[in-house]
Amino acid sequence: MPSNDARNLLQTAAPTAAVGVIAVAVSGAVAGGKGALGAAVGTVLALVFMGVGLYVLQWTAKTLPQLFQAMGLMLYAAQLLLLLIFVALFKGTSLFDPKTFAIALVIATVVWMAAQARAHLKAKIFYIDPDAQKSEKPEKTGSTS
């Protein structure tokens with residue numbers, strides 16, 4: 001992973017994990033051990049889903065840029081489907097509190113998206129490739145009359 005991608009991941013994962021720790025502490029105080037476990041599962045699930053999504057989108061942007069938008073939409077649909085499957089599998093569970101799970105999942109996801117937007121705004125992204133050979137000249141199109 002190039003340094004810019006690693007920096008982007010750090011700038012999004014760190015605030016999300018910090019908010020997750022706070023959510024676990026608050027959930028533990030309010031709903032006990034099962035509440036803390038629910039918040040921890042929600043936070044970890046958000047970190048894994050969003051982290052894998054970020055990696056897939058960065059890989060797609062570098063290798064298949066023409067599919068970037070379609071991959072983003074497909075990835076979003078796949079993440080929602082996987083989350084639906086996870087929630088359906090653990091619908092009647094007594095392992096953790098489902099309310100704290102849902103709240104922590106939503107909060108962690110919103111914090112991830114906000115941190116990712118901030119990281120993108122602060123990134124210095126070139127509009128041109130500075131490493132391109134200077135001897136290459138763009139092709140002229142159109143008539144030369």
Side-chain angles (χ1 to χ4, degrees), residues 1-139 141:
M1 183 178 282
S3 64
N4 192 32
D5 296 344
R7 188 178 316 115
N8 192 9
L9 180 62
L10 179 66
Q11 290 175 349
T12 54
T16 305
V19 167
V21 169
I22 294 169
V24 168
V26 170
S27 297
V30 171
K34 289 189 178 189
L37 183 60
V41 170
T43 301
V44 167
L45 195 64
L47 281 167
V48 168
F49 276 25
M50 301 303 273
V52 169
L54 180 64
Y55 176 77
V56 169
L57 284 179
Q58 287 174 344
W59 178 83
T60 303
K62 287 176 181 49
T63 57
L64 302 165
Q66 68 275 16
L67 296 178
F68 182 71
Q69 186 175 12
M71 183 62 84
L73 292 171
M74 194 268 322
L75 182 66
Y76 177 69
Q79 285 175 332
L80 286 176
L81 182 63
L82 287 172
L83 183 60
L84 180 67
I85 291 169
F86 183 86
V87 169
L89 287 175
F90 290 96
K91 184 177 182 180
T93 189
S94 61
L95 294 173
F96 54 81
D97 184 23
K99 288 183 182 179
T100 59
F101 163 76
I103 291 169
L105 180 69
V106 169
I107 289 172
T109 302
V110 169
V111 168
W112 179 284
M113 291 187 308
Q116 190 172 11
R118 181 180 181 273
H120 182 71
L121 287 173
K122 292 185 70 105
K124 301 205 178 359
I125 300 171
F126 291 114
Y127 291 97
I128 58 168
D129 186 9
D131 296 330
Q133 295 178 359
K134 296 183 191 237
S135 62
E136 291 182 13
K137 292 184 180 179
E139 290 183 24
T141 57

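- Note that CD1 of I85 is 11.0 Å distant from CG of L80, once rounded to the nearest 0.5 Å.
- More than 12 heavy atoms of other residues, nucleotides or ligands sit less than 6.0 Å from atom CD of Q66.
- Closest approach of A31 and T100 over heavy atoms only: CB-CG2, 4.1 Å.
- A distance of 9.5 Å separates CD in Q116 from CG in L9, rounded to the nearest 0.5 Å.
- Atom OG1 of residue T16 and atom CD1 of residue I107 lie 11.5 Å apart, to the nearest 0.5 angstrom.
- Residues L37 and D97 form no side-chain contact, since every pair of their non-hydrogen atoms from C-beta on lies 4.5 Å or further apart.
- Checked by atom type and distance alone, the side chain of T43 never pairs as donor or acceptor with a backbone atom of A40 at under 3.5 Å.
- A heavy-atom distance below 4.5 Å is found between the side chains of Q58 and N8.
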From CA spacing to verdict: side chain to side chain contact (heavy atoms under 4.5 Å, CB included), L105, L83: CA-CA 10 Å; L105 180 69; L83 183 60; 3.5 Å; yes
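- Closest heavy-atom contact between T60 and M71: OG1-CG, 3.5 Å.
- Aromatic rings of F86 and F101 (six-membered ring for Trp) have centroids within the 6.0 Å cut-off, being under it.
- Remark: L67 CG to L57 CG distance equals 11.5 Å, nearest 0.5 Å.
- A distance of 13.5 Å separates CE in M74 from CD in Q69, rounded to the nearest 0.5 Å.
- A donor-acceptor pair under 3.5 Å links the side-chain atoms of K34 to the main chain of S94, judged by distance alone.
- The CG atom of L75 lies 13.0 Å from the OH atom of Y55; values are rounded to the nearest 0.5 Å.
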Worked check of side chain to side chain contact (heavy atoms under 4.5 Å, CB included) between F49 and T109: CA-CA 9 Å; F49 276 25; T109 302; over 6 Å; no
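- Side-chain N or O atoms of Q11 include none that pairs as donor or acceptor with a backbone N or O of A115 at under 3.5 Å.
- Panel note: side chain S27, backbone A36; no donor-acceptor pair is recorded below 3.5 Å.
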